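Being a predicted model, the structure only gives us computed values, none of them experimental.
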Amino acid sequence: MAVKPERCLVMNGAGAGRGQSNLIALLERGLVVDEQVLSGRGASERFAPTVQAMLTRAGWDAPPELVAAVVGPGSFTGLRASLSLAAGLVRGWGCRGVGVRLGDALRATMQQEEATILCLARRGRVFVDPPGHDAYALPVKQIQPGSWAAVAGDAVYGDDALPELGEQAGCDVLGRDVVRLPYAAPTAEGIFRAAWQSREDGPVRAYALEPLYVDPPEAKPPAGGLRPTPR
């Protein structure tokens, strides 16, 4: 992506849990021209019609040059719905698609490239997303509230849920301050910035438009085996 895209569609379907929401936005030259926040049950079902309505309002007579979408970790349903839509639009429009890790999008939103992101996960656990990436290792890991020794680095940032978790766990993160972010989720500009930074000479890894899961799948094949392939 040598030339910065003029127009971009941004999607974040990773929102899950109390107070979380999903985001769809249109940007021109890095600035938001339309933005919709979707929350509540059934939000993922409104992704496609919301994108269509926004494109009509913006009067875009040509597709964007870039579709940037958060790949996770996050809501199972929201990620699958948003990323399936993003991948379909990329293929239909013939434009570039970039998947962005949630932690990278938050770092770009804060403009803190060296921050370690701590996000509240299900069952009282915490996702730890350090800066940088290793192509051969899972970029995000999970820890229990008492396992703060697994968090490396001097600057540790926690999202809106983390201070509450810290109080419940009765710990002070090894004496280091946990700075409460002003953002519970990345902004549209932050997601776009992370996608732009994922070019070859940038600090962020570009992902395929596929969900990034930390937990193993909970769905199990039926005890009697799968149905035979229809003829």
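- Counting heavy atoms from C-beta on, the side chains of Ser198 and Tyr207 never come closer than 4.5 Å.
- Between Val33 and Trp60 there is a side-chain heavy-atom pair separated by less than 4.5 Å.
- Residues Thr187 and Arg193 form no side-chain contact, since every pair of their non-hydrogen atoms from C-beta on lies 4.5 Å or further apart.
- Within 6.0 Å of atom CZ in Arg7, more than 12 heavy atoms from other residues, nucleotides or ligands are found, so the atom counts as buried in its surroundings.
- Here Ser39 contributes atom OG and Leu23 contributes atom CG; the two are 11.5 Å apart, rounded to the nearest 0.5 Å.
- Other residues, nucleotides and ligands place no more than 12 heavy atoms under 6.0 Å from the CZ atom of Arg91.
- To the nearest 0.5 Å, atom CG of residue Leu9 and atom CG of residue Leu55 are 6.5 Å apart.
- Nearest heavy-atom pair across Val71 and Glu210 is CB-O, 3.5 Å.
- A 4.5 Å side-chain heavy-atom check between Arg96 and Pro5 finds every atom pair outside the cut-off.
- Rounded to the nearest 0.5 angstrom, Asp104 CG and Asp129 CG are separated by 6.0 Å.
- Shortest non-hydrogen contact noted between Met11 and Leu85 is CE-CD2, 3.5 Å.
- A pairwise comparison of heavy atoms in Ala206 and Val98 identifies CB-CG1, 4.1 Å as the closest pair.
- Taking SG from Cys8 and CG from Leu31, the interatomic distance works out to 12.0 Å, rounded to the nearest 0.5 Å.
- Nearest heavy-atom pair across Ser75 and Gly13 is CB-O, 4.1 Å.
- Heavy-atom minimum distance, Asn22 versus Ala14: OD1-N, 3.6 Å.
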- Query: Can you check side-chain contact (heavy atoms from CB on, under 4.5 Å) on Val67 and Cys95, steps first, answer last?
  - Reply: CA-CA 7 Å; Val67 175; Cys95 67; 3.9 Å; yes
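- Closest non-hydrogen pair, Asn12 versus Ile191, comes out as CB-CD1, 3.9 Å.
- Between the CD atom of Glu189 and the CD atom of Gln111 there is a distance of 10.5 Å, given to the nearest 0.5 Å.
- When the side chain to side chain contact (heavy atoms under 4.5 Å, CB included) test is applied to Thr50, the partners found at least two apart in sequence or on another chain are Ile24, Gln36, Leu38, Arg46, Met54.
- Atoms CZ and CD, on Arg29 and Glu6 in that order, are 4.5 Å from each other to the nearest 0.5 Å.
- A 4.5 Å side-chain heavy-atom check between Leu66 and Phe192 finds at least one atom pair inside the cut-off.
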